Amino acid sequence: MNTPRELDKGYDPGGVEERWYAYWEEEKLFAADKAGSENPAYSIVIPPPNVTGMLHMGHALNITLQDILCRYRRLCGDNVLWMPGTDHAGIATQNVVEKKLLSEGTSRHDLGREAFIEKVWEWRREYGGTIIRQLKRLGASCDWDRERFTMDDGLSMAVRTVFKTLYDEGLIYRGKYLINWCPRCHTAIADIEVEYEEMQGGLYYIRYPFVDGDGGLVVATTRPETMLGDTAVAVNPDDERYAAMAGRTVHLPLTDRVIPVIADKYVDTSFGTGALKITPAHDPNDFEIGRIHGLDMVKVIDDKGFMTAEAGERFAGLERSECRKAVVAALDKEGLLENQEAYTHSVGTCYRCHTVVEPNLSKQWFVNVKPLAEKAVQVVQDGQTRIIPDNWEKTYYEWMDNIRDWCVSRQIWWGHRIPAWYCDDCGEVMVEITAPGKCASCESTALTRESDVLDTWFSSALWPFSTMGWPEETRLLKTFYPTSVLVTGFDILFFWVARMLMMGVHFMKAVPFADVYIHALVRDEDGKKMSKSTGNVIDPIEVIENYGADALRFTLAAFAAQGRDVKLSESRIEGYRHFINKLWNAARFALMHIDDSNCDETLSDASLADRWILSRLSTLRQTVAEAIDTYKFNEAAVALYQFVWHEFCDWYLEAVKPDLYGKKGDSRREGSKTVLRRVLSDVLVMLHPIVPFVTEEIWHALPGDRTSIMQAAFPTAGPAMVAYDADAEAEMELVMGVITGIRNVRGEMNISPSKTLSAEVHAGDDQTLNRIAANEDMIVNLARLDSLTVTTAGEKPKFAATSVVGNATVYALLEGVIDFEKEKTRIEKEMTKLEKDLAGVSGKLNNEAFLNKAPADVVAKVRASHEHLLAHREKLQATLEKVAEMA
RNA sequence: GGGCGGGUAGCUCAGUUGGGAGAGCAUCGGCCUUACAAGCCGAGGGUCACAGGUUCAAGCCCUGUUCCGCCCACCA
């Protein structure tokens, strides 16, 4: 293909995106570890979205940043593995499928465990691909042939191996403790899965009459229904009001039980009445006190949130909130409710369904994570894993230092079933990777498998190595573990990142990732976080349909400043869509001129504009590479935006038009065509990680046989023509200044762009004179002049508007047009600004301390600036006087 | 109670060896200039939350105050 393909007038992402994505997949361009690859390995494991998930802005940001890194690294020649997959999301998925069953008039209990699990797999086959398809629409360049699911056989093997190993090491145990119970999901949940919400409630003051003698103790509680399970009242031994009462007994109202008054320093004398009711089976702190004092544990609320028989005949069977009302009414009736006041406090809720959790006594499996946490803290302290931005390190340490045992068993059906078996005959507990045939103790074959499954995060914690084939020693592990970076939001720092570090260090003897890049959270308009379950999500797919995936990606990248949350605005996305279109049109223009012949790596004839844009390009190359290397995605995006729009389009393309439209075969024309092609092609490659679709589309319109832009190389120090050129930059700045000065006059004086002007420049030195004279054509062209005269000095032309640029004074000749009043105002305005700058600079130079203590280069800079300002003012002053005469 | 982040143009936000206050959108004025009106050329707009300190020099470093947001702990 020798002639450039013609591009449509405006960029329409529809169609283009699907076409190129299909092409990339067909060509296997996302595949890692292609045969013979000896290149440096670079790997990322995707934070696996829930299989039930729908793409939200949090995903979009997360995926975009990873995709930028992966695409960039591929362009740099690395052997890149981006491991994709989804999470089985135990509770979330079970909820979804249960809801579906409900709408079909059945339930999981009707089906039974096995049939239900089969239903979930069916659901997964039918709907589980949604989130993956959505990631693809965003452009994610994962190695899809390696896609994993946390319930895959291989991952299941990893889970069982880890479980057994930790059990054998004594780090996993089973026991009856007070855990957080969700009555709706009907399962235990871990401490960090409890979300606290402020709620309006009441504080109830209840009198517990003494058994011997008159009076009683009054306690305050927010949960009167739990009093039915009280087994003591505690007072602080240092509390003069109550100390003597310890050891006495009280009647537990509404029951026929008698409970002791005990002394414990835990009691806060300043809260409520200073006397605390103790319900060991339904409050974590009471549980602790109960253990210390050997109190009975009376469970009055069952697993579904209803009162048990132990709550007494009057209340058994009531739902817990109904029971609260009933208890309050009963107490009131018996005259034992002393007082009742409104009270706001935070209440724990289930992070999945936001039902109020019930602390409940229950037999569960736990991981003793402390020993694992210590090692995981160490590797961060050692710098084996860097957390970026590093202020998250503190949060990480804080949590790890105060970590408590992790309750990993869940009373649901969907998930990794705990690999433990109980002997029906002797009660022996066996933890094995595969089912034991008989009891290790009594040889009975009557074994029952544990019915609980594992917390979803247990399998997620193994993700960096389980996806690569562990416990097998695979080539994948050898090549790509530890991974290069983990990109994630801080909301799952504890849920996921910390646990991966613990498991990775423990089982692989190596950190799971060298870097952890923590990005901001995309919040909704109220500043609340968008969550999978609350449904307050903005749909990125809609944004993609309205603006294109590239516009969304560029916006997210430009927003991704470290340490700040993202609040998306429609107008911002629209602005970046305009940028995509700008790039498109610049390419269209370029393609009108470049052809197969201008691929030269050397330049025989370069104009100032050519040398200047190549110099700017060399700086851009460094800026972009450095920005991506340090996860400053916004800096990369902004630098590219600035270059493409305001340097390449605004100046370079306009400046080279006369050359391009010039005579065929002219060396200047050929030179510019070569530069044009070089810049466009380099910029496309640099932009590709951020906006993959439009860059691929343009890339293929370039002349010559093209492979994918994904197979191009990120611009490096060669070729020689792309180099920093201080001289070109200085000269171009002067020329741009002259042009801008004249344009400014036009604007301020309301002179139509269609009216051509003449101008005169008086240059103060030879270099300035030569530079301006050498670029007369560019100035005439871009300032829309009909003629330009350049001299070393001279009188100010009578009818002229003036601007001062460097060591030159530019006069736009305006005979018959000039409004001297206006001109006077214009110059005075500039003068005011100038005086202000001058005052600042003079102040410094008059300050001896500054001259003595500031670094020499700074002083020199200020001196130079001072001289420039003085010269500038002098020129303006002279002009102003002349203008004032005319006005 | 502990910790973290933030307060910069009308809005959304960039801004690190401390030395020039910036971008996008919005606003105002002028343009169909053959890549682009999704565009072009100009312009206006600031007590960098407040108060003190360090420094020759502070949006940036330190202290205090205040407001907003988030996380953790406690919550009888």
Side-chain angles (χ1 to χ4, degrees), chain A residues 7 9-11 192 196 203-206 219-223 226 233-234 267-268 271-279 283 285-286 343-347 389 391-392 394-395 398-399 402 490-491 493-494 520-521 523 526-529 555 558-559 561 563-572 574-593 634-635 638 641-642 646 649-650 653-654 657 661 739-740 743-754 781-784 829 837 840 843-844 847-855 857-859 861-862 865:
Chain A
L7 300 179
K9 195 164 176 185
Y11 177 63
I192 54 169
Y196 289 89
L203 192 57
Y204 303 87
Y205 293 80
I206 308 170
V219 301
T221 179
T222 54
R223 302 199 55 199
T226 64
V233 172
V267 179
D268 180 352
F271 192 92
T273 62
L276 174 62
K277 64 189 271 308
I278 303 295
T279 322
D283 181 279
N285 297 310
D286 294 5
Y343 187 68
T344 303
H345 63 308
S346 64
V347 178
N391 54 301
W392 288 107
K394 202 166 177 177
T395 309
E398 179 68 19
W399 190 70
N402 295 301
F490 61 79
D491 53 329
L493 183 60
F494 304 145
L521 229 53
R523 295 180 183 276
D526 306 321
K528 282 190 206 140
K529 77 174 178 186
T555 308
F559 259 116
R564 192 151 181 160
D565 285 341
V566 171
K567 270 190 270 171
L568 271 192
S569 88
E570 192 95 353
S571 64
R572 192 84 179 248
E574 202 175 331
Y576 288 119
R577 178 188 57 161
H578 293 175
F579 171 70
I580 308 283
N581 197 54
K582 185 73 177 178
L583 173 71
W584 178 261
N585 278 295
R588 276 181 66 218
F589 173 77
L591 289 165
M592 289 165 54
H593 299 283
N634 59 323
E635 287 181 14
V638 167
Y641 184 102
Q642 178 66 24
H646 298 301
C649 291
D650 286 355
L653 292 184
E654 295 306 324
K657 272 179 184 173
Y661 285 118
I739 293 163
T740 304
R743 285 173 175 173
N744 178 290
V745 166
R746 261 187 206 282
E748 296 280 300
M749 302 295 243
N750 278 334
I751 295 159
S752 162
S754 59
N781 180 36
L782 296 185
R784 301 187 144 262
K829 197 174 72 185
D837 292 348
K844 282 183 184 178
N847 182 348
E848 204 149 318
F850 172 75
L851 297 176
N852 292 336
K853 295 190 179 174
D857 60 320
V858 172
V859 175
K861 219 168 117 187
V862 172
S865 158

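Just so you know, these numbers come straight off a predicted model, no measurement behind them. Chain naming here is simple, since letters A, B, ... match the order of the sequence lines and numbering starts at 1 in each.
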Please write out the pairs of protein N or O atoms and N or O atoms of nucleotides 55-58 of chain B separated by less than 3.5 Å, giving the distance to one decimal.
residue : atom : partner  : partner atom : Å
B:C56   : OP1  : A:Lys853 : NZ           : 2.3
B:C56   : O2'  : A:Asn847 : ND2          : 2.8

Kindly say whether [Y] contributes a backbone atom to a donor-acceptor pair with the side chain of [X] at under 3.5 angstrom?
X	Y	answer
A:Asn402	A:Glu398	yes
A:Arg746	A:Arg784	yes
A:Asn744	A:Thr740	no

Would you measure the distance from the [atom1] atom in [N] across to the matching atom in [M] and give it in whole Å?
N	M	atom1	value
B:C32	B:A38	C1'	15 Å
B:A76	B:G6	P	34 Å
B:G10	B:G30	C1'	23 Å
B:C75	B:C25	C1'	45 Å
B:U17	B:C31	P	44 Å
B:C28	B:U66	P	41 Å
B:A23	B:A14	P	16 Å
B:C50	B:A9	P	11 Å

Students often get this wrong, so: under 4.0 angstrom with heavy atoms, is [X] touching a base, only sugar-phosphate, or nothing?
X	result
A:Tyr11	base
A:Asn750	sugar-phosphate
A:Glu748	sugar-phosphate

From CA spacing to verdict: side-chain contact (heavy atoms from CB on, under 4.5 Å), A:Ile192, A:Trp399: CA-CA 11 Å; A:Ile192 54 169; A:Trp399 190 70; 3.8 Å; yes
Work out which heavy atom in [X] is nearest to a heavy atom in [Y]; give both atom names and the distance.
X	Y	value
A:Arg223	A:Thr221	N-OG1, 2.9 Å
A:Thr226	A:Thr279	O-CG2, 3.3 Å
A:Tyr204	A:Thr222	CE1-O, 4.3 Å

Atom pair CG (A:Leu203) and CZ (A:Phe271), whose distance is rounded to the nearest 0.5 Å: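 Going from CG on A:Leu203 over to CZ on A:Phe271, the span is 5.5 Å.
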Inter-residue atom distance A:Lys582.NZ - A:Tyr576.OH, 0.5 Å rounding: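 Interatomic distance, A:Lys582 NZ to A:Tyr576 OH, rounded to 0.5 Å: 15.5 Å.
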Of A:Thr740 and A:Glu654, the one whose closest RNA chain B nucleotide lies more 5':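 In this pair, the answer is A:Glu654.
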Contact nearer the 5' end of RNA chain B, comparing A:Arg577 with A:Ser752: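 With A:Arg577 and A:Ser752 compared, the 5'-side residue is A:Ser752.
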Mutual orientation of the aromatic rings belonging to A:Trp392 and A:Phe490 [parallel < 30°, tilted 30-60°, perpendicular > 60°]: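 Ring orientation, 0 to 90° scale: parallel.
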According to a strict under-4.0 Å criterion, is [X] in side-chain N/O contact with OP1 or OP2 of [N]?
X	N	answer
A:Arg743	B:G42	yes
A:His646	B:G24	yes
A:Lys829	B:A43	no

Geometric cation-pi criterion, A:Lys657 with A:Phe589: 6.0 Å, 45°: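 Geometry flag: set, cation within 6.0 Å and 45°.
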Check: B:C4 base within 3.5 Å donor-acceptor of A:Lys394 side chain: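 Result: no qualifying N/O pair found.
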Who is the Watson-Crick or G-U wobble partner of [N], with both distances under 3.5 Å?
N	answer
B:G69	B:C4
B:A14	none
B:A35	none

Closest to the A:Lys582 side chain, choosing from B:G42, B:G39, B:C31: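 My answer, after comparing the listed nucleotides, is B:G39.
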Nearest-nucleotide pick for A:Lys861, side chain only, options being B:C72, B:C36, B:G19: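 Of B:C72, B:C36, B:G19, B:G19 is nearest to the side chain of A:Lys861.
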May I have the distance from [X] (atom [atom1]) to [N] (atom [atom2]), rounded to whole angstrom?
X	N	atom1	atom2	answer
A:Asp650	B:C40	CG	C1'	8 Å
A:His578	B:A26	NE2	P	8 Å
A:Ile751	B:C31	CD1	P	13 Å
A:Glu574	B:G39	CD	C1'	14 Å

Which atom pairs link the protein and nucleotides 74-76 of chain B when you take only N or O atoms and keep those under 3.5 Å?
residue : atom : partner  : partner atom : Å
B:C74   : N4   : A:Ser346 : OG           : 3.4
B:C75   : OP1  : A:Tyr266 : OH           : 2.4
B:C75   : OP1  : A:Asn285 : ND2          : 2.2
B:C75   : OP2  : A:Asn285 : ND2          : 2.9
B:C75   : O2'  : A:Tyr343 : OH           : 3.1
B:C75   : N3   : A:Ser346 : OG           : 2.4
B:C75   : N4   : A:Ser346 : OG           : 2.4
B:A76   : O2'  : A:Ala220 : O            : 2.0
B:A76   : O2'  : A:Thr221 : N            : 3.3
B:A76   : N6   : A:Asp268 : N            : 2.9
B:A76   : N1   : A:Asp268 : N            : 3.1
B:A76   : N1   : A:Asp268 : O            : 3.2

